[in-house]
Amino acid sequence: MAETLVGEHHRLTCDDCGYTFVCGADRPTMAGKQAICPNCGATAGRIDLAPCLPADAVLVDRSAFVFRQPRRWDLATFRGNGPKSEIYVKRVVGLPGETVELRHGDVYADGVVQRKNLAQQRAMATLVHDNSHTAPSLASRWLPETADSGWRQAGARFWRAATSGKSDDETIDWLSYHHRRRRPGEPDIADELPVSDDCGYNQTLPVTQSHLVRDLMVRCRMRVADAPTAIWLLTDGVSQFLVELDFTQSQAKVTQDGRRLGATSWPTTKAAESVLIELALCDEQVLLGLDGQEVLRLAWIPADLPLRPTSRPIAVGTRGNSLEIWDLVVLRDLYYGPGHLQAPAEHQYLLADDEYFVLGDNSPDSLDSRNWPQPGIAMRNFIGKPLLAYPAGLRSNGPTGRFQVPDLGRFRYIH
């Protein structure tokens, strides 16, 4: 379930970008193996020399499913179907009576893609790049598209001054995200590549197959004191989506490949200096959140066009307005692969009328419904819903033997 829940793990901090991350410690680690920073790709020290921290413990609400059935995307604690009746924590993705399929990383039930709301997407998103932790040894991943662009950068902030004397319908001045991966053996060189489902937590595993990830999310803060208009471009490698945010009118307009997909407005509130923006292209839908609240969710029908993977899936621009953005973070959706049994990509799982299909968040290393001879989990096996996670604690010696002391400061709500 990493990194929603983690087992025994090593915690490391990248010397190049300063990002702190964890690697699993539940398998033997080859002496001298260097950790790779999932944020910038730099080597970040020997895994076997990093502190080994305890696994998460979980506080379970055993009454959660007494008055209601498990819902899709719920975390759940249950007993397995095996003779030992092991207890698992997984995420519910398939409901009773459904036929579940996993296609290009997404969950389909009865042939229909299953979509998440913004809160669910936020909870399941995995880091791709945090611009607040930029490696000084490499160029910024956010770059203007043209040499005469008005975009400027200072540290982790980007801004563009208003262009005076020009019409509002001028060419959009784009600032684009360039996804990069450092070249093995040449750490000062990074190649542009599409985003994949590589997971920093799994660095002690044998080599696993990586998959192209098309479902991405961007989060940032944007200054809106002058009520600018910002335009976001997102692509899944098939279609291009433009999301135009007009803070003068409190409206958002969305187009897909030049055709209007939909629009929304949000209540005008007290003027603020900045707004937190969350924008996702996932599960065949566009999601938009402002200051933590979902304001737009638009589904689309996939275009019958060839897939053209790109290393530049996200951009932000403006038509002559001033714009300032910071705290830029790119994330990806979970990618559900075929599992340890390597079932065919189009394999179907038929659930009985009282069975649920469950998957782990750490898809490449999860023992779940994809791998069990009987994939469905009966309702009678469910124990409850995890609420809080916390490190099991450091082991200490006491007058009655060894005991664990929980670190109360690291309790966290999970969903």
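What you see below is based on every heavy atom in this structure, not just the backbone, and it leaves out hydrogens, waters and symmetry mates. The chain is numbered in sequence order, starting from 1. Bear in mind that the values here come from a model prediction, so they are computed numbers and not experimental data.
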Looking only at side chains, do [X] and [Y] share a donor and an acceptor under 3.5 Å apart?
X: R181; Y: S196; answer: yes
X: R214; Y: T235; answer: no
X: S311; Y: E192; answer: yes
X: T204; Y: T29; answer: no
X: Q114; Y: R72; answer: yes
X: H133; Y: N39; answer: no
X: S274; Y: R221; answer: yes
X: S366; Y: K90; answer: yes
X: D16; Y: S137; answer: yes
X: Y349; Y: E98; answer: no
X: Q348; Y: T99; answer: no

Before accepting this row, confirm whether a basic side-chain N of the pair [X]/[Y] lies closer than 4.0 Å to the acidic partner's carboxylate O.
X: E324; Y: R157; value: yes
X: R180; Y: D191; value: no
X: R319; Y: E244; value: yes
X: D188; Y: R183; value: no

Legend entry - Backbone N/O of G45 and side chain of T43: donor-acceptor pair under 3.5 Å: no
Legend entry - Close side-chain approach of L234 to W232, heavy-atom, < 4.5 Å: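 Of all side-chain heavy-atom pairs linking W232 with L234, at least one is under 4.5 Å.
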State whether the number of non-hydrogen atoms from other residues, nucleotides or ligands found under 6.0 Å of [X] atom [atom1] is greater than 12.
X: Q293; atom1: CD; value: no
X: R68; atom1: CZ; value: yes
X: I301; atom1: CD1; value: no

Legend entry - Check against side-chain hydrogen bond (donor to acceptor under 3.5 Å, both in side chains), D173 and S149: CA-CA 6 Å; D173 192 359; S149 169; 2.8 Å; yes
Legend entry - Sequence-distant partners of Y177, side chain to side chain donor-acceptor pair (under 3.5 Å), two or more places apart: R141, H179
Legend entry - Within 45° cone of W159 ring axis and under 6.0 Å: R152 NZ or CZ: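 Judged by the rule (NZ or CZ under 6.0 Å from the ring centre, within 45° of its axis), R152 is not positioned above W159.
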Legend entry - Worked check of salt bridge (Lys or Arg N to Asp or Glu O under 4.0 Å) between K116 and D283: CA-CA 7 Å; K116 297 179 283 291; D283 307 327; 2.9 Å; yes
